[in-house]
Amino acid sequence: MLQVQVEQKIYKLEEGSLLTPKGFSAGGVHAGLRHAKKDVGVVVSEKPASCAAVYTQNVFQAAPLKVTRESIAEEQLLQAIIVNSANANACTGEQGLKDAYEMRKLTAHKLSVPEHYVAVASTGVIGEMLPMEKVRNGILDVTTNHGVNGAEDFQTAILTTDTIMKKSCYQFEIDGKTVTIGGAAKGSGMIHPNMATMLGFVTTDANIDSEFLHGALRSITDNSFNQITVDGDTSTNDMVLVLANGMAGNEALTAEHKEWSTFYNALQFVCEDLARQIAKDGEGATKLIEVNVTGAATKEDANKVAKSVIGSNLVKSAVFGSDANWGRVLCAIGYSGADLNPETVHIALGPITMLENSTPQPFDEEEATKYLENSTVVIHVNLHNGEETGKAWGCDLTYDYVKINASYRT
């Protein structure tokens with residue numbers, strides 16, 4: 001398996017997945033919720049795993065989130081995740097909640113684990129009842145394995161309007177033991193996390209208590225999943241789950257462990273990879289946009305500015321049209337709500353400086369247009385107002401985005 005060193009002791013496994021960590025299996029099956037593609041998936045740990053989760057901040061939270069919260073609250077342990085696509089089971093009242101509980105119960109019975117060791121997730125159309133006969137059959141039919149097929153079957157089963165599977169995997173050593181973190185995600189539209197129509201599932205064989213795992217995930221989410229936007233909409237179903245089964249055999253990780261930063265950084269790499277892939281696969285997107293902010297007074301200000309620029313429909317449209325309209329970037333900085341000095345802002349598109357100390361700079365329009373035709377566009381903003389930095393990721397806004405969402409239910 002190809003390894004790429006990204007930091008001292010941390011290696012990216014290019015062909016790795018959420019099944020590369022020890023003790024995990026997965027699978028997916030076509031149950032008929034979608035026309036032809038797999039639509040019910042499951043991830044299973046050989047033993048109960050420490051867990052952590054972050055959820056959408058939309059006040060309308062789908063039934064599966066409520067059931068998953070309840071499962072985790074019982075012992076802070078999970079052993080399986082059951083997921084369906086095509087139907088969000090959101091805004092479906094008491095029946096929707098009963099259906100989510102039934103999904104949990106059927107999965108637990110099949111795997112012979114306690115019900116509260118099962119998390120439930122759904123994604124798809126809001127406001128339609130789950131076709132439970134199909135879901136039941138899917139849960140009964142789905143099988144798992146530890147190999148590439150199991151990972152790909154699961155990764156396919158969780159997709160909706162996504163055009164590609166999204167995965168990431170990193171490996172490192174803790175206490176002389178090889179530790180691996182892998183992940184899979186779905187997300188293409190209705191993406192504006194705190195969180196968005198986005199599901200993320202991360203597995204690791206690290207030995208870590210749920211308390212410290214949750215603290216790490218919460219912090220990392222603020223600088224990864226919460227820093228992406230496709231269209232400004234925050235869904236009812238967004239959730240990121242991390243399971244850590246301890247099978248790597250390292251000493252229990254805490255924030256005081258001498259190698260804590262290695263684990264934390266690797267988890268951040270996985271989450272950032274998945275976030276970028278979601279942003280790049282935005283509905284109808286042709287380009288990934290990354291905004292790098294430096295010179296902010298606080299981390300919060302840096303993230304605000306980055307997210308504001310990446311969320312501007314005018315900026316996204318300009319990138320789609322390869323129009324070097326830096327004024328739209330400046331406007332988005334100005335309404336971000338960040339503390340800044342309007343006389344000291346620097347803006348560059350890739351290597352091309354557009355604004356220096358808030359003064360326009362001459363640039364070659366043809367060169368700028370050519371740069372904006374790349375599949376990845378990086379916008380640099382320096383506020384010259386402090387030492388903090390931040391990043392955000394998004395995509396261009398295209399004609400196809402409207403086409404896809406104008407006929408989403410059909």
Side-chain angles (χ1 to χ4, degrees), residues 6-7 191-193 222-230 232 268-269 271-273 275-280 282 285-397:
V6 296
E7 190 175 283
I191 302 292
H192 186 74
D222 285 340
N223 296 300
S224 57
F225 294 115
N226 282 354
Q227 285 299 105
I228 58 175
T229 186
V230 168
Q268 181 161 304
F269 290 151
C271 292
E272 283 189 0
D273 278 0
R276 284 193 192 95
Q277 291 172 56
I278 290 170
K280 187 173 184 178
T286 64
K287 302 171 187 177
L288 172 67
I289 308 172
E290 179 176 305
V291 179
N292 290 330
V293 176
T294 57
T298 66
K299 185 70 174 178
E300 181 182 7
D301 280 344
N303 284 348
K304 278 183 180 178
V305 169
K307 192 73 174 287
S308 183
V309 173
I310 212 72
S312 165
N313 283 339
L314 291 179
V315 171
K316 291 153 66 68
S317 299
V319 171
F320 171 60
S322 299
D323 179 12
N325 191 342
W326 58 264
R328 294 180 173 181
V329 177
L330 186 71
C331 285
I333 296 169
Y335 62 64
S336 66
D339 177 24
L340 55 89
N341 182 346
E343 305 299 325
T344 63
V345 176
H346 168 95
I347 297 173
L349 294 180
I352 307 167
T353 298
M354 304 281 170
L355 195 72
E356 186 71 62
N357 290 323
S358 300
T359 302
Q361 301 296 301
F363 65 92
D364 186 323
E365 286 278 1
E366 187 175 335
E367 181 187 4
T369 298
K370 186 175 181 180
Y371 174 75
L372 287 168
E373 290 172 350
N374 291 323
S375 60
T376 299
V377 172
V378 181
I379 300 173
H380 300 280
V381 176
N382 192 334
L383 301 177
H384 293 291
N385 198 40
E387 302 297 326
E388 292 295 334
T389 64
K391 290 184 180 181
W393 301 273
C395 61
D396 55 344
L397 183 59

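Values below: every heavy atom of this structure, side chains too, minus hydrogens, waters and symmetry copies. If you read the sequence from its start, that first residue is 1, and numbering goes on from there.
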Show the numbers, then the answer: is there a side chain to side chain contact (heavy atoms under 4.5 Å, CB included) between I289 and I310?
CA-CA 7 Å; I289 308 172; I310 212 72; 3.5 Å; yes
Looking only at atom types and distance, does a side-chain atom of S312 sit under 3.5 Å from a main-chain N or O of V309, one as donor and one as acceptor?
no
Kindly write out the residues that satisfy salt bridge (charged side-chain N to carboxylate O under 4.0 Å, His left out) with D273, not counting sequence neighbours, or none if the list is empty.
K12, R276
Using the rule given for side chain to side chain contact (heavy atoms under 4.5 Å, CB included), can you reason through L288 versus C395, listing the C-alpha separation, both sets of side-chain angles and the distance that settles it, and then say yes or no?
CA-CA 5 Å; L288 172 67; C395 61; 5.8 Å; no
Whether N357 side chain and T359 backbone form a donor-acceptor pair below 3.5 Å:
no
side-chain contact (heavy atoms from CB on, under 4.5 Å) partners for E365, two or more places apart
A324, F363
Only counting residues at least two apart or in another chain, list the ones meeting salt bridge (charged side-chain N to carboxylate O under 4.0 Å, His left out) with E300.
K304
Let's go through T294 and L383 carefully: what are the C-alpha distance in whole Å and the side-chain angles of both, what is the deciding distance for side chain to side chain contact (heavy atoms under 4.5 Å, CB included) to 0.1 Å, and is it a yes or a no?
CA-CA 6 Å; T294 57; L383 301 177; over 6 Å; no
N/O donor to acceptor pairs below 3.5 angstrom from side-chain atoms of residues 347-356, sequence neighbours left out:
unit_1: E356; atom_1: OE1; unit_2: H346; atom_2: ND1; d: 3.0

Between CD of E290 and CD1 of I228, what distance do you get to the nearest 0.5 Å?
12.5 Å
Would D323 and L372 count as a side chain to side chain contact (heavy atoms under 4.5 Å, CB included) if you check the C-alpha gap in whole Å, the side-chain angles of each, and the deciding distance to 0.1 Å?
CA-CA 7 Å; D323 179 12; L372 287 168; 5.6 Å; no
Taken to the nearest 0.5 Å, the spacing of L340 CG from S358 OG works out to 8.5 Å
So which heavy atom on D396 is nearest to which on F320, and how close?
OD2-CD1, 3.4 Å
Would you please name every residue forming a side-chain contact (heavy atoms from CB on, under 4.5 Å) with D339, sequence neighbours left out?
A297, D301, N385
Give me each pair satisfying side-chain hydrogen bond (donor to acceptor under 3.5 Å, both in side chains) with a member in residues 368-381, each pair once, sequence neighbours excluded.
none
Residue list, side chain to side chain donor-acceptor pair (under 3.5 Å) with S322, at least two apart or on another chain:
K287
Sub-4.5 Å side-chain heavy-atom contact between E272 and W393
yes
Look up atom CG in N382 and atom NE2 in H384, then write down how far apart they are to the nearest 0.5 Å.
3.5 Å
So OG of S224 and CG of N226: to nearest 0.5 Å the spacing works out to 7.0 Å
Looking at residues at least two apart in the chain, or sitting in another chain, which of them share a side-chain contact (heavy atoms from CB on, under 4.5 Å) with E7?
I10, N265, F269
If the condition is side-chain contact (heavy atoms from CB on, under 4.5 Å), which residues does K299 pass it with, not counting sequence neighbours?
N223, N303, E388, T389
Take a 6.0 Å sphere around CD of E387 and say whether it holds more than 12 heavy atoms from other residues, nucleotides or ligands.
no
Sequence neighbours excluded and cut-off under 3.5 Å, please list the side-chain donor-acceptor pairs for residues 326-338, or say none.
unit_1: R328; atom_1: NH1; unit_2: L314; atom_2: O; d: 2.9
unit_1: S336; atom_1: OG; unit_2: I333; atom_2: O; d: 2.7
unit_1: S336; atom_1: OG; unit_2: A338; atom_2: N; d: 3.3

